[in-house]
Amino acid sequence: MKELVTGEMRVKTPKTEALESASRWEEEKYEDGVKWKFLEHNGPCFPAEYQPLPSNVHFLYDGKKVKLSLEAEEVAFFFAQMLDHEYTTKKVFRENYFKDWRKEMTNEERSLIKDLDKCDFGEIHAMHKAKVEARKNMTKEEKLVVKEANQKVVEEYGYCLLDHHKERIGNFKIEPPGLFRGRGEHPKQGMLKKRIQPEDVIINCSKEARVPKPPAGHRWKEVRRDNSVTWLASWTENIQGSIKYIMLNANSKLKGEKDWEKYEIARKLKLCVDDIRNQYGQDLKSKQMVTRQRAVALYFIDKLALRAGNEKEEGETADTVGCCSLRVEHITLHEKLEGNECVVEFDFLGKDSIRYYNKVPVITKVFKNLKLFLENKQPGDDLFDRLNTGMLNKHLGSLMAGLSAKVFRTYNASITLQQQLKELTNKSDNEPEKLLSYNRANRAVAILCNHQRAPPKTFDQSMANLQAKIDARKETLALEKTELKQAKKEAKTRNSSDPKLQNLVERKKAAVKRCEEQLLKLELQATDREENKQISLGTSKLNYLDPRISVAWCKNTEVPIEKIYNKSLRDKFAWAIDMTEEDFEF
DNA sequence: CTGCGAACTTAGAACACCAGCT
DNA sequence: AGCTGGTGTTCTAAGTTCGCAG
C-alpha cells in the first residue's frame, strides 16, 4: 500500500523548488515503517503545582469551616472551579466525583465528609471567579508580561529537531489534573483525572540525541528509542487507561505527508469506486448473510458517510454507535414516507454523542435486506449481527490497497466539495458572492458528515443585531436614492451643462452604488450565518477536504487563499498551496 | 479468527484574542 | 477607552485502524 501511494505522490513536483518550504516535500522517503532518523526535544512541559487556598478562603461542611489536607483541598478546588457548569448538577458526575474525592481524603476527613450535598464550595468558587476576573482586567503591560512568559515556554518546549528540521510540537504540555469531562452520558464523568508525574512519562528520542532533563528531583519512567513511531513522549491516563501522546504540529513534514497520502488514497478510490459500488450491489443478493450485511453497511458508509462503528465496552464510555454497531432501535423502516418509498429513518448518537437524524430513501434491495436483518430481533440487538469493522475493513483492503471505511468519508467529502463548487460558483460574481458559494459547498459537506455545533448562546441576539444593521442600511439606501433623483431632476430642469450639478449627480450615483454593495454584503452575511446556525464548517475543512480543491478554486476564481484559509490552515496545507495548479482535479 | 492495545486521526467545547464599534 | 461578537487557538475526548499474541 505504502509503495503504491508513494509512487503517485511523486508525480507532481512543487514548482518553487528553490524554496526550502517547497523542496521539503520532495525529500527521500525512509524504508518502510521508519519515521525519522534523528529526534531531539526538551520533553513535555508540566503544569504548575497546586497553590493552596489563602487562609481567608474556606471550605464549609454542614455549615462549618473545615481545613482540608492539601490533597483533598486540591480536588475540592477542581469541583469548585466547575460550579457554574451543568456537569456539577448531574447525578453521575456528582457520584463519581464524590467517590474519587473521598479517596484523596485523610481518614479523618473521610469520616466527617459523607454527603456532597452538605459541601459548600462557595468561597472557593468565588475566589476562583475573582481570579479569572482579575486576569481579564489586567493592564496592557501586565498582559504583555504574561504573553512574553508564555512565549518563553513555547520557545523552550514547543519545538523539536526531527532529522534536519526544527518542527513545532502540537501539544507539548502534559494535561493538567482535573475532573473528567466526558461527552454525552458518560459513565465516568466527574472522576478524578490524576496529576501526571515525570515518573509516569515515557520519552522517545534518538540515541544520538540529548535526553531531555526531567524536572528537578524526578526521573522519567523510561527513555525509548523507537523510530517506528512519531511521538515524542507518552503517558497512561487513569480514567480509561489509554495512552496519551505528545506529537508534532499539523504543519510538520511528518504530519503533512501523512495528510497528503490520505488524500491520494481517497483519489485512488475515485478511480475504482464504480467497481466497488457494483460489487456491493451484487453482494446485496448474496446467499451469505455476512456478505449481505457487509453490502448494506457499505451502502450506508458510502451513501451517508457514516463512520465505521467499532464495538465499545459497555459501561466504559457513552453509548454511541457508528455503522457496524447500529442497533435495531436506531432505524425505522417506512414503506412510504413523505412521498418517498423505501425510507430508512435513522436516529442515533454518533461520535461525541452528536445526534444523527436522517430520513433516507434507499434502493429496494437494501430495504428488503434491512427487513430481513430486523426479523426476530429486540430493539437492543445489533442490526448487523454477523459483521464488525475488522471484517469490513479486511474486505475493503482486498478491493483496493489502503482502503478502509473512513476513506469513503474523505472521498465523498472531497468529491462533494468539488462538485458543489463547480455548480455554485459564477465567474461573474463578486468576491462576497463567491465566498458565499464556497461556504455553501463547504456546508453541503458538513451536512453530509453531520458536523454539528451547539448553536452559539448569543445566536438569536447577534442575528437580530445584524438584521437591524440591514434595516438601517436599507433606510440609508432609500434616502440616497431620493437624493439622487432630486439631483438628477435639478440637473435636468436647470442648466444641464452646469458641471457642479453634473458632479453632484455622479457623486450621488456612487453613493447609491456603494450603499447597495454594503447592503448586499450584509445580506449575504446574514444568509451565511443563518444557514450555519448548527453546522460546523471547520471540521471538514481541517480533516476531509482535499486542500488542493480549494487552492485550485481560489486560483480559478481569483479569490485570495487568505479568504478561506487562516494562517494555521495555510501552514498545515503548505504542501497543497505549493504544488497545486489551477487545473487540479480531485 | 478474536481480542486487545498502540498509534494516530477526528471532533466539539472552552478559551484567548482582536477588530470594529460606541 | 471599553465593550462585544466573531474568529482563531488550544485542549483533550472519542473515534479508526492495524498488528500482534493466543
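So you know, we letter chains A, B, ... as the sequences are listed, proteins then strands, and number each from 1.
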Exercise. If only side-chain N and O atoms of A/Tyr565 are considered, is one of them under 4.0 Å from the OP1 or OP2 phosphate oxygen of C/dG8?
Worked result: no
Exercise. Base, sugar-phosphate, or nothing for A/Leu542, non-hydrogen atoms under 4.0 angstrom?
Worked result: nothing
Problem set entry | salt bridge (charged side-chain N to carboxylate O under 4.0 Å, His left out) assessment of A/Lys258 paired with A/Glu261 | CA-CA 5 Å; A/Lys258 197 77 191 300; A/Glu261 189 180 308; over 6 Å; no
Exercise. Taking protein heavy atoms under 4.0 Å as touching, what does nucleotides 9-16 of chain C look like 5' to 3' if B marks base contact, S marks sugar-phosphate-only contact and - marks none?
Worked result: S-SSSBSB
For this session: Go through residues 81-89 of chain A and report each residue with a non-hydrogen atom lying under 4.0 Å from DNA chain C, sorted by number.
Result: none
Exercise. When the distance from CG of A/Asp32 to P of C/dG19 is rounded to whole Å, what number comes out?
Worked result: 10 Å
Seminar exercise, completed: By nearest-nucleotide position on DNA chain B, the 5'-leaning member of A/Asn150 and A/Asn388 is A/Asn388
Exercise. Taking the six-membered ring of A/Tyr159 as reference, does the NZ or CZ atom of A/Arg168 fall below 6.0 Å from its centre and within a 45° cone about the axis?
Worked result: yes
For this session: Send over the distance from A/Arg409 CZ to B/dT9 C1', rounded to a whole Å.
Result: 12 Å
Exercise. Looking across every strand, which nucleic acid part, if any, lies under 4.0 Å from A/Lys147 by heavy atom: base, sugar-phosphate, or nothing?
Worked result: sugar-phosphate
Problem set entry | 5' priority, DNA chain C, between A/Val407 and A/Glu562 [closest heavy atom] | A/Glu562
Problem set entry | Rounded distance in Å - CG (A/Asn450) to P (B/dA11) | 10 Å
For this session: For A/Lys394, report the nucleic acid contact type (base, sugar-phosphate, nothing); a contact means any heavy atom under 4.0 Å.
Result: sugar-phosphate
Exercise. Any chance the side chains of A/Tyr245 and A/Asn171 put a donor and an acceptor closer than 3.5 Å?
Worked result: no
Exercise. Taking the six-membered ring for Trp, are the ring centroids of A/His41 and A/Phe172 within less than 6.0 Å of each other?
Worked result: no
Exercise. To the nearest Å, how far apart are A/Lys143 NZ and B/dC18 C1'?
Worked result: 11 Å
Exercise. Between B/dA7 atom C1' and A/Ile246 atom CD1, what is the distance in whole Å?
Worked result: 14 Å
Exercise. Separation of A/Leu248 atom CG from B/dA7 atom C1', in whole Å?
Worked result: 14 Å
Exercise. Atom CZ of A/Phe408 and atom P of C/dT17: how far apart are they, to the nearest Å?
Worked result: 11 Å
For this session: Examine A/Phe300 together with A/Phe346 and report whether their ring centres are nearer than 6.0 Å.
Result: yes
Which protein N or O atoms sit under 3.5 Å from an N or O of nucleotides 4-6 of chain B?
none

Exercise. Is the ring centre of A/His186 less than 6.0 Å from the ring centre of A/Phe180?
Worked result: yes
Exercise. Please give, in whole Å, the distance from C/dT17 C1' to A/Leu403 CG?
Worked result: 12 Å
Problem set entry | Verdict with reasoning, A/Lys312 to A/Glu316, per salt bridge (charged side-chain N to carboxylate O under 4.0 Å, His left out) | CA-CA 8 Å; A/Lys312 303 167 74 183; A/Glu316 294 293 300; over 6 Å; no
